[in-house]
Participant: 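Take a look at the following structure, please.
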2 protein chains.
Amino acid sequence: MADDLDPIFKALSDSTRRQILDYLKGHPRLTGEIVNQFPEMSRFAVMKHVDVLREVGLVVTRTNGRERINSLNAVPIRLIYERWLHPFSDYWATALLGIKQVSETELPTDPTTLKEP
Amino acid sequence: MADDLDPIFKALSDSTRRQILDYLKGHPRLTGEIVNQFPEMSRFAVMKHVDVLREVGLVVTRTNGRERINSLNAVPIRLIYERWLHPFSDYWATALLGIKQVSETELPTDPTTLKEP
DNA sequence: TTTTTATGTTACCTTTTAGTTACATAATAA
DNA sequence: TTATTATGTAACTAAAAGGTAACATAAAAA
């Protein structure tokens, strides 16, 4: 019953994993660097979170000697957006205007113009 | 540790709940109508999913006699998009171009232009 | 060579989640 | 009034998720 977006949604549903993805913005990080971002959590717990992200392709890891360099791959996030989130933009627009139903001909709202209502 | 987006992400992490939200697009539905969409699942299981959606504000319910009319509220989805997903659009763009890092001065990509790459 | 360090693995525990059956209530229809 | 039906609640189970401590390995540094 679970569609192919499901593993990505599941991976994103944990706050620690979202923080890891935030941390990987900008540049790749060693596994140990990621671990050190979460001093209140065991190393293994953090590594398992990274594993989950790697399994769904949100993190790509390459090995260099004994180091493992983890980088962000945001393409699955884009997939979530395009295939599931974006179609709802029609409906969040109507909510703001107090309109109940959406005309079929209405164009999708440009989300960049809605930053601060 | 969990931010305020966390309950929304958690609510969206279940495939059945996402299907319910999809079903509520267009027009509101009675609780029983939602239940009938999932004949392989018990009525109570579906109702609990609706409860979860209602708790995070993704579904709004009003009572009319013994009927309960449930409608979609996409504003929390918008919040997820603006506060968490959209900032990653810089990075999925670079992935497509094979570029490793993003310039600080680059403007956010307009997601509406990325519908069909 | 010996030690350090970056990373991986095994085994286990606890809480949460998703699901079930069975029972209860209250508004409408017959 | 009686029966039906739309919805809600109680109590429980099974599996998945998130976490820990302890042990293992292999590359690099001393």
Side-chain angles (χ1 to χ4, degrees), chain A residues 1-24 27-71 76, chain B residues 1-24 27-56 58-72 76:
Chain A
M1 185 73 2
D3 50 292
D4 56 334
L5 296 183
D6 199 61
I8 308 170
F9 268 111
K10 288 274 197 300
L12 295 181
S13 72
D14 183 87
S15 170
T16 302
R17 287 195 288 267
R18 290 195 303 279
Q19 288 176 57
I20 291 172
L21 294 176
D22 286 332
Y23 180 60
L24 291 180
H27 59 92
R29 302 283 189 170
L30 301 183
T31 302
E33 289 180 298
I34 300 173
V35 166
N36 292 336
Q37 285 296 110
F38 302 91
E40 75 289 354
M41 196 179 298
S42 77
R43 182 174 61 88
F44 188 42
V46 178
M47 280 176 67
K48 278 204 291 190
H49 283 305
V50 175
D51 286 345
V52 171
L53 293 171
R54 191 158 38 226
E55 271 161 27
V56 300
L58 282 161
V59 163
V60 179
T61 302
R62 73 169 215 279
T63 302
N64 178 17
R66 66 177 165 180
E67 294 180 335
R68 307 203 71 190
I69 299 140
N70 306 280
S71 35
Chain B
M1 187 69 6
D3 49 293
D4 56 334
L5 296 183
D6 198 61
I8 309 170
F9 268 111
K10 288 274 196 303
L12 295 181
S13 72
D14 183 86
S15 169
T16 302
R17 287 196 288 267
R18 290 196 304 277
Q19 288 175 58
I20 292 172
L21 294 175
D22 285 332
Y23 181 60
L24 292 180
H27 59 92
R29 302 283 189 170
L30 301 183
T31 302
E33 290 181 296
I34 300 173
V35 166
N36 291 336
Q37 286 297 110
F38 302 91
E40 75 289 353
M41 195 180 297
S42 76
R43 182 174 59 89
F44 189 39
V46 178
M47 280 175 67
K48 279 204 292 191
H49 282 305
V50 175
D51 287 345
V52 171
L53 293 171
R54 191 159 36 228
E55 271 161 27
V56 301
L58 283 161
V59 163
V60 179
T61 302
R62 74 169 214 278
T63 301
N64 179 17
R66 66 176 165 182
E67 294 179 334
R68 307 203 72 189
I69 299 140
N70 307 281
S71 36
L72 169 68

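In what follows, chains carry the letters A, B, and so on, assigned in the order in which the sequence lines appear, proteins first and then strands, with residues in each chain numbered from 1. These numbers come from the heavy atoms of this one structure, side chains and all, not from hydrogens, waters or symmetry mates.
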Participant: Using a 4.5 Å cut-off on heavy atoms from C-beta on, say whether the side chain of B:Leu21 contacts that of B:Leu12.
Facilitator: yes
Participant: Could you measure the distance from the CZ atom of B:Arg66 to the OG1 atom of B:Thr63? Nearest 0.5 Å is fine.
Facilitator: 13.5 Å
Participant: Please tabulate, one pair per line, all N/O donor-acceptor pairs under 3.5 Å involving side-chain atoms of residues 30-37 of chain A, not counting sequence neighbours.
Facilitator:
{"unit_1": "A:Thr31", "atom_1": "OG1", "unit_2": "A:Asn70", "atom_2": "ND2", "d": "3.1"}
{"unit_1": "A:Glu33", "atom_1": "OE1", "unit_2": "A:Leu30", "atom_2": "N", "d": "2.8"}
{"unit_1": "A:Asn36", "atom_1": "ND2", "unit_2": "A:Gly32", "atom_2": "O", "d": "3.2"}

Participant: What is the distance, rounded to the nearest whole Å, between atom CD of A:Glu67 and atom P of C:dT5?
Facilitator: 14 Å
Participant: Using atom names, set out every protein N or O paired with an N or O of nucleotides 25-27 of chain D below 3.5 Å, distance rounded to 0.1 Å.
Facilitator:
{"unit_1": "D:dA27", "atom_1": "N3", "unit_2": "A:Arg66", "atom_2": "NH1", "d": "2.8"}

Participant: Just by protein heavy atoms under 4.0 Å, how would nucleotides 11-25 of chain C read 5' to 3' in B, S and -?
Facilitator: B------SBBB----
Participant: Is there a side chain to side chain contact (heavy atoms under 4.5 Å, CB included) between A:Ile20 and A:Arg29 once you walk through the steps?
Facilitator: CA-CA 10 Å; A:Ile20 291 172; A:Arg29 302 283 189 170; over 6 Å; no
Participant: B:Glu33 CD to D:dT5 P: how many Å, rounded?
Facilitator: 16 Å
Participant: Please state how far atom CZ in A:Arg29 lies from atom C1' in C:dT7, giving the value in whole angstrom units.
Facilitator: 18 Å
Participant: Between B:Asn70 (CG) and D:dA6 (C1'), how many Å, whole number?
Facilitator: 12 Å
Participant: What are the two closest heavy atoms between A:Leu58 and A:Ala11, and how far apart are they?
Facilitator: CD1-CB, 4.1 Å
Participant: Write down the atom of B:Ile69, the atom of B:Pro28, and the distance for their closest heavy-atom approach.
Facilitator: CG2-CB, 3.6 Å
Participant: Which whole-number value in Å describes the distance from B:Leu30 CG to C:dA27 C1'?
Facilitator: 14 Å
Participant: Determine whether B:Val59 and B:Val52 satisfy the following criterion, side chain to side chain contact (heavy atoms under 4.5 Å, CB included), listing intermediate values before the conclusion.
Facilitator: CA-CA 9 Å; B:Val59 163; B:Val52 171; over 6 Å; no
Participant: Atom CD1 of B:Ile69 and atom P of D:dG8: how far apart are they, to the nearest Å?
Facilitator: 12 Å
Participant: Taking distance alone, no hydrogens or angles, what donor-acceptor pairs closer than 3.5 Å link side-chain atoms of residues 43-51 of chain A to residues at least two apart or in another chain?
Facilitator:
{"unit_1": "A:His49", "atom_1": "ND1", "unit_2": "A:Arg17", "atom_2": "NH1", "d": "3.1"}
{"unit_1": "A:Asp51", "atom_1": "OD1", "unit_2": "A:Arg54", "atom_2": "NH2", "d": "2.6"}

Participant: Over how many whole Å does the gap from A:Met47 atom CE to D:dG18 atom C1' extend?
Facilitator: 16 Å
Participant: Within a strict 4.5 Å, meaning less than it, do heavy atoms of the A:Lys10 and A:Val56 side chains meet?
Facilitator: no
Participant: Distance check needed: D:dT9 C1' versus B:Arg68 CZ, whole Å only.
Facilitator: 13 Å
